[in-house]
Each structure stands twice: as C-alpha cells, then as structure tokens.
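Following: one structure in structure tokens, then a few remarks.
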Amino acid sequence: MLRFFNTLTRKKMKFVPIEKGKVKMYTCGPTVYDYAHIGNFRTYVFQDILRRWLEYRGYKVTQVMNLTDVDDRTINASRQQGIPLNQHTQRYIDAFFDHMQRLNIQKAEHYPRATQHIPEMVALVKKLLEKGYAYKAEDGSIYYNIRKFKGYGKLSKVKLKQLKIGARVKVDSYEKEQAWDFALWKAWDQNDGDVYWETEIGKGRPGWHLECSVMSMKYLGETIDIHSGGVDLIFPHHENEIAQSEALTGKKFVNYWLHSEHLMVEGERMAKSLGNYYTVKDLLDKGYHPNAIRFLLLSTHYRQQLNFTFEGLKAAENTVERLTLFLNRLSEADGKPAGQELRTLMKQTKKTFEAAMDDDLNITAALAAVFDFVRDVNRMIDQGKVSKKEAKAVYDLMMNFDKVLGVMGKVEKKALPKDIEALVQKREEARKAKNWKTADAIRQQLYAMGIILEDTKNGVRWRQKA
RNA sequence: GCCGGGGUGGCCGAACGGUUCAGGCGGCAGCCUGCAGAGCUGCUCUAUGUGGGUUCAACUCCCAUCCCCGGCUCCA
C-alpha cells in the first residue's frame, strides 16, 4: 500500500488518486534570478524520485513545475546587471535545465512561467476582489485579506495571533488592513523599472503566491493530487496558495502536501555569506560525478535534514561505483545456473525494495535491500553459480531499480583509444612472459592516464578511474 | 516568545516495543591474485545525548533536562 506523509494532516496517509491510475502533481520550481544551488536540487531530486516511484507503480503522472521569472529578486538582479528581465532569467533557466539533466531528473510535462500567465493571474485577482477576499490599498497594490479565509493556517498550523511581525513589514504602513495580509498584485514603483503590466487591475506585477495557484489550476484542475516543495514553503507560500485557490473555487486545492527537508552544509545552513554555497556546476567542476551528486541527494530520506559534506560526496561516489562495478561483473558472469536460490532472492529483494518505497519513499531501506542483493549475488558469482542467462535477469532487475534511483546508467563498452589498446596489449605480452616489472610499469602508466586495469580469469578488464 | 524536526558505532544513516542493532563509506586482517584491482569473509560494531519512569521486554512509550537544526511574509 502506497503511503505518503501529508503535511496537512501530519500523518502518513494511504495514497488514493482523484482519478484512478493518474496523478496530477505540482512541484514548486526555481526562482530564476541566479543559479540554483544543491539545496534546491535536493528538493528537485526528491520530486524526481516521487515522480519515478509513482510511475513505477503504474500511474500516469502529469507534473507541472513552475519557473518564477518575475519577483523582487529577479527584477533586482536584472536591473543591477543592466540586462532586460527576460534575458536575465533565460540565462538561469537554461542553466537550470542543464543541471537538471546532469542530475538525471526526468522532465515534467509542463514548465509554465509566471510572466506567461499574467492574464490568468489578473482574472483570479479580479474574482477574489469580487468575492470580497481581496482589497486594493492606497498605492494600487491588491492584498488578500486572510481573516476572510476560515481555514487560514491549516497547513502550517500557525496561529495568526502568534505570528511575529517580520522586519520587512513597515510599521508605519497602514496600507494593509493586517500586517500579515499578502500581496496578490504589486503596484508598479520606480524600483521595478520597465517591469510592469498594464492590466484591468492596474499597472504592476503579480505577487509570488499567485502564479502557483493559477498555473496549478490551469494545467491540472481545481483539485490536484500532490503538491510538493521545500519545507520553507509551507508558510507562507503554500498556506497562501490554499487561501487563494480555495477561496476562489470553494474546493479543496490539494489532497497531499509533501515537503522535503533542507540540506545543510557541514552542519550549518548553506549561505553565500558563509562561503558554503554550492551549485551543481561547482561540484562538477571539482570533478565529482553527477551520479554521485544525485546519489548523495537522494540517499537520505526526504523528510530528514541532509548534511552535505565533501567526505559524504566522496563516499557517495564510492557507493555508486560499487553498483556500476557490480553491473560490469554481471555482464561477465558465466557460471552454472543457480536456479531456485537466485530466483527466490530476486523475488524477495524486489518485494522488500517496493515495500520500502511504498512507505513514504523510505529510500534508505530500499537501498539496503539492493545492497544486500548485490552482496549475495556477488558471492554466488564468486562460487561460479550464476549463469549468463541468470546474470542478464539480475541485470534487468538492477535496471528496474534504477528506473527509480537513476544513478547506475547503462553499462556501455566503450572502445579504448588505439594507443592505449596498444599499451594494454604490450602489458599482456609482458605478463605472459612473466615480466612483472614491465607489466606493472605499464599498469602504473595507464593508471596515471585514468585507466584502471584488472586481471581476471577471463582476461584483462579496464575501467575509467572515477 | 510561539510552532516544528532531530540527537544511533570512526563517518553517513535505517529501525520506532521483542529474532544476531539494516545498509553504505572508511580502517585493519584473511581468502583469491605473480603483485594489485574487484569480489567474498571476519574484525572495528555488545551504539542509541543525559537522568528518571512504565513494561516480562525500550532506540522505540511517558516525564525531566542538555544540545543541534528549521519556520514565524516572498529562502527548496
């Protein structure tokens, strides 16, 4: 039985989709004012695992991920650099997709941008004004009156009276009836430069929370199955989305809210000022394999804070290598059939893996099943008990797991460059002649070139140094 | 102040009332190997922040206490 921890109820709940066999999922995406960092990608990897698991379980998933391409930060950054907003954001959108692809994150069906949904957002604000949930302030901005919405706070469990008034709210501002009302529409001011839209509700730009309500309803419908993002979005962002959407439709906005915990760096929060702020590119440039980065990000349960360290990244790299070496080994196994013993083992492993994932994506338990399996099959291979045909079946099962994990890739036998091939041959001859000194020297030379040679019963094998 | 999440072996990280306390990484040793690598086996590993309590039995429940992290208006 597939279960998810629902932030709304703070309990693990059986997953029942609105429409049988289909899942409508909205995943909060990046604000494209700068490069997304690995903390952001932790969330995107989590959402990817979620999507992949739903698909593994046979659901047809329709996923929407928004790109926030207009807000304070995007406007400030583009103006500071003197680049038009859309050019500025496009650069980071490109980088975002590039990094997503490097981390083997599957594509969503839709990537709507805020700036391309202004008319829909205006329409929603108009309706909220008509229904009395919103009001216009003196400067022309339009705010949502949260006291009008009975369920306000149901997701985050915040109590309005206990909310600390943030430093950003101007104390002398009496434009808002309540300090905690939030902007649906921000009237243009000088700081916005040429970023504004002339609309029926005035000259300005949308508030941040608006786009998610609008785009979720536009692409997925008034009520959807899953909405996910980082824990920091629970309040106020997701709380406000609920207020906007449910005030408009009178229907439940989202059935399951899933939130991923933050990534820490060396035990501290990641921050530019602390100098512990990394992008995917930073790590790739340092020579780490994208699969290792992905593995590190997915290997801790999503509701648990993940402490990023370079030691951990190195460990992740070794772990992934263990998996890929196992796949290599399988392609060479050619023993006697293990028969029932192996069949039972495979069946049991699959069952354990699936049960773990079904339990709120308990990936660490699922991985434990995989590693147990790897060890057991390795032992059988050592004993010459795995036939070619069986090895293929094991390989297929591993690929089945990797549909979800996405860290193993396919084993591809790349051809060695000719000069290296010649060196390998030369070493083979030296070995045959028991000229160990020469053979070892060549092996050392190849190692320096990033090629690791391994002598096996079936002859020499090579692999790329990680 | 209010509201959440945590503190598990050298490191990471499951289990959440009960068989030997998953799994990964690291280290050491053995098997294998000309040597190495890979793989396997064993050890490191009779761990659960601290002090009480409940129970036949607690990492798991209760109370107290210390420490860490997060949210409290635009940060995934």
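Letters go in sequence order (proteins before strands), and every chain restarts at 1. These numbers were taken from a predicted model, which means no experiment stands behind them.
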What does the list of N/O pairs under 3.5 Å between the protein and nucleotides 4-6 of chain B look like, with a distance for each?
none

Any N/O donor-acceptor pair, A:Lys157 side-chain to B:C2 base, under 3.5 Å: no
RNA chain B-proximal residues of residues 376-384 of chain A, any heavy atom under 4.0 Å: A:Asn378, A:Arg379, A:Asp382
Distance between P atoms of B:G5 and B:A14 (Å, rounded): 16 Å
Ionic contact status for A:Asp34 with A:Arg73, cut-off 4.0 Å: no
Non-neighbouring partners of A:Thr68 that pass side-chain contact (heavy atoms from CB on, under 4.5 Å), sequence neighbours left out: A:Thr31, A:Asn66, A:Asp71, A:Trp208, A:Glu211
Ring centroid separation A:Phe310 to A:Phe308 under 6.0 Å: yes
Polar atom pairs between nucleotides 23-29 of chain B and protein, under 3.5 Å, N or O only, would you list them?
| residue | atom | partner | partner atom | Å |
| --- | --- | --- | --- | --- |
| B:G24 | O2' | A:Thr319 | OG1 | 2.5 |
| B:C25 | O3' | A:Asn318 | ND2 | 3.2 |
| B:G26 | OP1 | A:Asn318 | ND2 | 3.0 |

Check against side-chain contact (heavy atoms from CB on, under 4.5 Å), A:Thr349 and A:Phe401: CA-CA 10 Å; A:Thr349 301; A:Phe401 295 144; 3.8 Å; yes
Backbone of A:Lys14 reached by a side-chain donor or acceptor of A:Tyr256 within 3.5 Å: yes
side-chain contact (heavy atoms from CB on, under 4.5 Å) involving A:Asp382 - partner list, sequence neighbours excluded: A:Arg329
For residues 286-301 of chain A, dump all side-chain donor-acceptor pairs below 3.5 Å to protein atoms at least two apart in sequence or in another chain.
| residue | atom | partner | partner atom | Å |
| --- | --- | --- | --- | --- |
| A:Asn291 | ND2 | A:Val407 | O | 3.0 |
| A:Arg294 | NE | A:Leu405 | O | 2.7 |
| A:Arg294 | NE | A:Gly406 | O | 3.2 |
| A:Arg294 | NH1 | A:Asp48 | OD2 | 2.9 |
| A:Arg294 | NH1 | A:Leu103 | O | 3.0 |
| A:Arg294 | NH1 | A:Asn104 | O | 3.1 |
| A:Arg294 | NH2 | A:Asp48 | OD2 | 2.9 |
| A:Arg294 | NH2 | A:Leu405 | O | 2.9 |
| A:Ser299 | OG | A:Phe295 | O | 3.1 |
| A:Ser299 | OG | A:Leu296 | O | 3.2 |
| A:His301 | ND1 | A:Leu361 | O | 3.3 |

Face-on cation placement of A:Lys157 at A:Phe235 ring, 6.0 Å and 45° thresholds: no
Distance-only donor-acceptor test (3.5 Å): side chain A:Asn240, base B:C74: no
